[in-house]
Q: 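Let me begin by handing over the structure; questions about it come next.
All residue numbers refer to positions in the sequence shown, counting from 1. Both ligands and their constituent atoms are indexed starting at 1 by order of listing.
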Amino acid sequence: MSKLQENIEKAKAYLARFKEAGVLNRIGGEDVAAADGTTFETISPVDLQPLAKVARGKAADIDRAAKAAKAAFADWAAMPGDQRKKLMHKIADAIEARAEEIAFVEAMDTGQSLKFMAKAALRGAENFRYFADRAPEARDGRSIRAPGQVNITTRVPIGPVGVITPWNTPFMLSTWKIAPALASGCTIVHKPAEFSPLTARLLVEIAEGAGLPKGVWNLVNGFGEDAGKALTEHLLIKAIGFVGESRTGSMIMKQGADTLKRVHFELGGKNPVIVFADADLERAADAAVFMIYSLNGERCTSSSRLLVEEGVYDRFTALVAEKAKRIKVGHPLDPETVIGPLIHPVHEKKVLDYIEIGKSEGATVAAGGAKFAGPGGGCYVSPTLFTGANNQMRIAQEEIFGPVLTAIPFKDEAEALNIANDVQYGLTGYLWTSDVTRAFRFTDHLEAGMIWVNSENVRHLPTPFGGVKNSGIGRDGGDWSFDFYMETKNVAFATVPHAIQKLGG
Ligand code: NAD
């Protein structure tokens, strides 16, 4: 049996339980169907066959989950940080123990290749460990002295929170939002994306199996316009951690206005990789190729615009095209596959439509440019490179969220900066140059929340993660996460019997 065949058999075994019993919501530590009994189907993008029937939660289910999160809040918030730390490390251990199952289920539900998903569970566990270690100090504050007064600040968990996640690398992204919330002492209602519900279900089971008290973490599946909307509008939910599209973020802000919801948004991107002629071009090409074609190009931090200095533009884009053509597209469970099928036929159509738009705008297809006939007949798209583009084209301005790269030449530093900043987004930027002074100057003016110089995206958890402009509001990582999930409180103590104004005698 080939390795792929062996993996397909394994995946079938891991998926059998979902096929048989479906995916129920998890509320207050209980498995529950949607209150109105409705379900929706999740399909595999490999062959478009149904994987499971999923409970389709709506406002009544969100209400039940929010009440369960509220009921569990006082005890969870009062648990000493070192106990939360131990428990979260147990969750991380349990995630690691089921890493293979998570990887196989995620690959079949999302189309992401095993090459990358094999590490998704481990990265998820790392997120838990990182925030577990910081749980004991989450409440620490400062002492600020004033004449006759000592102020002591502390942080307290904000309350039950909603976490709404997208379908790209859903397992890892969910842990990234949920781990800091738990470490802060918040309880949670999680609404995962409707295109990829399976690993969210594994995650809550794993957490409860490791000893997380009932009701601390509740899972409600459903569509954005009903379950998602109800969560953002619920009075008991104090904050929404959201990862998804910019226009959904804007809707959530409106929906949350009546209940004055605190929001944290990680949204879309159209991130530039800027390559100067003095850069190490071979390394820059590898990094550019990695950042657009890994994870099927379905990543918010992908470098989807390639800006190259004129003198090396032809040479550099030829290098990228050559590498793109050699990338293996195939079944996500094939260990050799880099690019698997895109998440869903709806998204595949969006990406293919953008490829047609690019052609009609006059850009040149230097690699790919079409659907790929992959195993199972699913949503495969060839890694695509457009050259001869300009920054006014839609393929340079709009987030495609697939394996499609748009290459634009620039004359000098000033023009590179103008092009880089001339988009509505500002999530990441990647700069390649051997001139240190230029790197300082350029990064000073580049409009992005995160910039890597002479590097692809290498995430370090204590650093702030987030975007500017339409790419987001707020930062994740390190203490920034605690600032979102907690309220800062100040208590002032008088240290001398100071004079108090006497009003009314
Ligand atoms: P999406 O906005 O369509 O959906 C995300 C989630 O929001 C889903 O769970 C969906 O059901 C829910 N939702 C939809 N409408 C809602 C509403 N009215 N109220 C409440 N919830 C609602 O995004 P997607 O297509 O699933 O994911 C892709 C997007 O996510 C891309 O734009 C990508 O750049 C972005 N993303 C950003 C980051 C980041 O860190 N900046 C990370 C990953 C993905």
Side-chain angles (χ1 to χ4, degrees), residues 40 42 54 56-59 62 109-110 112 120 127 162-177 189-197 200 219-234 237 240-257 259 261 263-271 291-292 295-304 342-344 346-351 354 398-402 423-428 448-450 457 459 463-477 480-481:
F40 64 96
T42 183
V54 186
R56 186 175 168 186
K58 303 204 181 74
I62 289 291
D109 201 15
T110 65
Q112 293 289 349
N127 287 335
V163 171
I164 302 179
T165 47
W167 46 257
N168 66 314
T169 58
F171 184 85
M172 202 287 293
L173 273 178
S174 303
T175 61
W176 183 358
K177 308 302 286 182
V189 178
H190 180 203
K191 208 300 278 172
E194 46 271 49
F195 281 171
S196 60
L219 171 73
V220 179
N221 285 287
F223 292 180
E225 62 268 26
D226 36 46
K229 180 166 181 287
L231 183 57
T232 62
E233 290 173 343
H234 204 285
I237 297 295
I240 296 286
F242 170 73
V243 185
E245 286 192 25
S246 302
R247 66 166 185 274
T248 314
S250 158
M251 280 195 272
I252 289 177
M253 199 169 238
K254 289 187 198 118
Q255 292 161 194
T259 51
K261 213 65 95 213
V263 292
H264 183 173
F265 289 162
E266 284 172 1
L267 309 174
K270 193 72 188 177
N271 311 300
M291 281 313 305
I292 185 63
L295 299 173
N296 296 351
E298 296 166 317
R299 70 191 291 177
C300 55
T301 55
S302 75
S303 56
S304 49
L342 303 186
I343 182 79
H344 193 274
V346 169
H347 185 60
E348 181 199 18
K349 180 176 181 320
K350 173 182 158 179
V351 173
Y354 269 112
E398 298 171 21
E399 188 185 45
I400 301 173
F401 219 57
V423 283
Q424 57 173 326
Y425 297 107
L427 189 59
T428 64
M450 298 167 282
N457 168 350
R459 178 92 181 101
T463 59
F465 187 105
V468 302
K469 293 156 74 178
N470 288 6
S471 288
I473 297 177
R475 294 292 177 271
D476 261 324
W480 288 277
S481 295

Q: Can you tell me the protein heavy atom closest to atom 31 (C) of ligand 1 and the distance?
A: Glu399 OE1, 3.4 Å
Q: Is Glu194 close to ligand 1, meaning an N/O of one under 3.5 Å from an N/O of the other?
A: yes
Q: Take Cys300 and Leu427 through the test side-chain contact (heavy atoms from CB on, under 4.5 Å) and record every step on the way to the result.
A: CA-CA 8 Å; Cys300 55; Leu427 189 59; 3.7 Å; yes
Q: Taking non-hydrogen atoms only, is Val243 closer than 4.0 angstrom to ligand 1 via side chain, backbone, both or neither?
A: both
Q: Relative to atom 1 (P) of ligand 1, which among Thr248, Asn470, Leu267 owns the nearest non-hydrogen atom?
A: Thr248
Q: Counting non-hydrogen protein atoms only, what is the nearest one to atom 13 (N) of ligand 1? Give residue, atom name and distance.
A: Gly224 CA, 3.4 Å
Q: Minimum heavy-atom separation for Glu233 to Thr259, with atom names?
A: O-CG2, 3.5 Å
Q: Without hydrogens or angle criteria, can the side chains of Thr175 and Asn127 be said to hold a donor-acceptor pair below 3.5 Å?
A: yes
Q: Please check if the side chain of Arg299 supplies one atom and the backbone of Phe401 the other of a donor-acceptor pair under 3.5 Å.
A: no
Q: Determine, using heavy atoms of Phe265 and all atoms of ligand 1, whether some pair is separated by less than 4.0 Å.
A: no
Q: Which residue holds the protein heavy atom closest to atom 24 (P) of ligand 1, what is that atom called, and what is the gap in Å?
A: Trp167 NE1, 3.4 Å
Q: Starting from atom 36 (N) of ligand 1, what is the nearest protein heavy atom, named by residue and atom, and what distance separates them?
A: Cys300 CB, 3.6 Å
Q: What part of Leu173 sits under 4.0 Å from ligand 1 if we count only heavy atoms: the side chain, the backbone, both or neither?
A: side chain
Q: If the contact criterion is a heavy-atom separation under 4.0 Å, does Ser246 count as touching ligand 1?
A: no
Q: Should you measure from each heavy atom of Lys229, which atoms of ligand 1 turn up under 4.0 Å away?
A: 19 (N), 20 (C)
Q: Side chain, backbone, both or neither: which part of Arg247 comes within less than 4.0 Å of ligand 1 when only heavy atoms are counted?
A: neither
Q: Can you name the closest pair of heavy atoms from Ala227 and Val220 and give their distance?
A: CB-CG1, 4.5 Å
Q: Using a distance threshold of 4.0 Å (strictly less than), state whether atom 4 (O) of ligand 1 has a protein heavy-atom neighbour.
A: no
Q: Going by the order shown, which atoms of ligand 1 are within less than 4.0 Å of some heavy atom of Pro192?
A: 9 (O)
Q: Tell me whether ligand 1 is touched by Phe465 - counting only heavy atoms on the residue side and a distance under 4.0 Å.
A: yes
Q: The test is side-chain contact (heavy atoms from CB on, under 4.5 Å); show your working for Arg56 and Asp226 and say whether it passes.
A: CA-CA 9 Å; Arg56 186 175 168 186; Asp226 36 46; 3.0 Å; yes
Q: If you take all heavy atoms of Gly268 and Ser471, which pair is closest and at what distance?
A: O-OG, 2.6 Å
Q: Would you mind running through ligand 1 and noting each atom that sits below 4.0 Å from a heavy atom of Leu427?
A: 41 (N)
Q: How far is atom 18 (N) of ligand 1 from its nearest protein heavy atom, and which residue and atom is that?
A: Gln255 OE1, 2.9 Å
Q: Taking 4.0 Å as the limit for heavy-atom contacts, which would you say applies to His347 with ligand 1: side chain only, backbone only, both, or neither?
A: neither
Q: Quick check: does any side chain N or O of Ser196 sit under 3.5 Å from a backbone N or O of Pro170, one acting as donor and the other as acceptor?
A: no
Q: My understanding is that only residues two or more places apart in sequence, or in another chain, count here; which of them pass side-chain contact (heavy atoms from CB on, under 4.5 Å) with Arg247?
A: Glu245
Q: Under 4.0 Å from a heavy atom of Lys191: which atoms of ligand 1 are those, numbered in the order shown and with their elements?
A: 8 (C), 9 (O), 10 (C), 11 (O)
Q: Just to verify, what does Lys261 make a salt bridge (charged side-chain N to carboxylate O under 4.0 Å, His left out) with, not counting sequence neighbours?
A: none
Q: Is it the case that Glu399 and Tyr425 place a side-chain donor and acceptor less than 3.5 Å from each other?
A: no
Q: Could you identify the single nearest non-hydrogen protein atom to atom 23 (O) of ligand 1 and state the distance to 0.1 Å?
A: Glu245 N, 3.5 Å
Q: As an exercise, identify every atom of ligand 1 less than 4.0 angstrom from a heavy atom of Asn168.
A: 43 (C), 44 (C)
Q: List the atom of Leu173, the atom of Asn168, and the distance in Å for their closest heavy-atom pair.
A: CD1-O, 3.1 Å
Q: Decide side-chain contact (heavy atoms from CB on, under 4.5 Å) for His264 and Asp476; before the verdict, give the C-alpha distance in whole Å, the side-chain angles of both, and the deciding distance to 0.1 Å.
A: CA-CA 9 Å; His264 183 173; Asp476 261 324; 3.5 Å; yes
Q: Would Trp167 and His344 count as a close aromatic pair, with their ring centres under 6.0 Å?
A: no
Q: For ligand 1, is any non-hydrogen atom under 4.0 Å from Thr301's backbone (N, CA, C, O), its side chain (CB onward), both, or neither?
A: neither
Q: Look at atom NZ of Lys58 and say whether more than 12 heavy atoms of other residues, nucleotides or ligands are closer to it than 6.0 Å.
A: yes
Q: Looking only at protein heavy atoms, which one is nearest to atom 28 (C) of ligand 1, and what is the separation?
A: Phe401 CE2, 3.6 Å
Q: Suppose we measure from atom 20 (C) of ligand 1 to each protein heavy atom; which comes out shortest, and what is that distance?
A: Gly228 C, 3.2 Å
Q: Within a distance under 4.0 Å of any heavy atom of Gly268, pick out the atoms of ligand 1 and give their elements.
A: 32 (O), 34 (O)
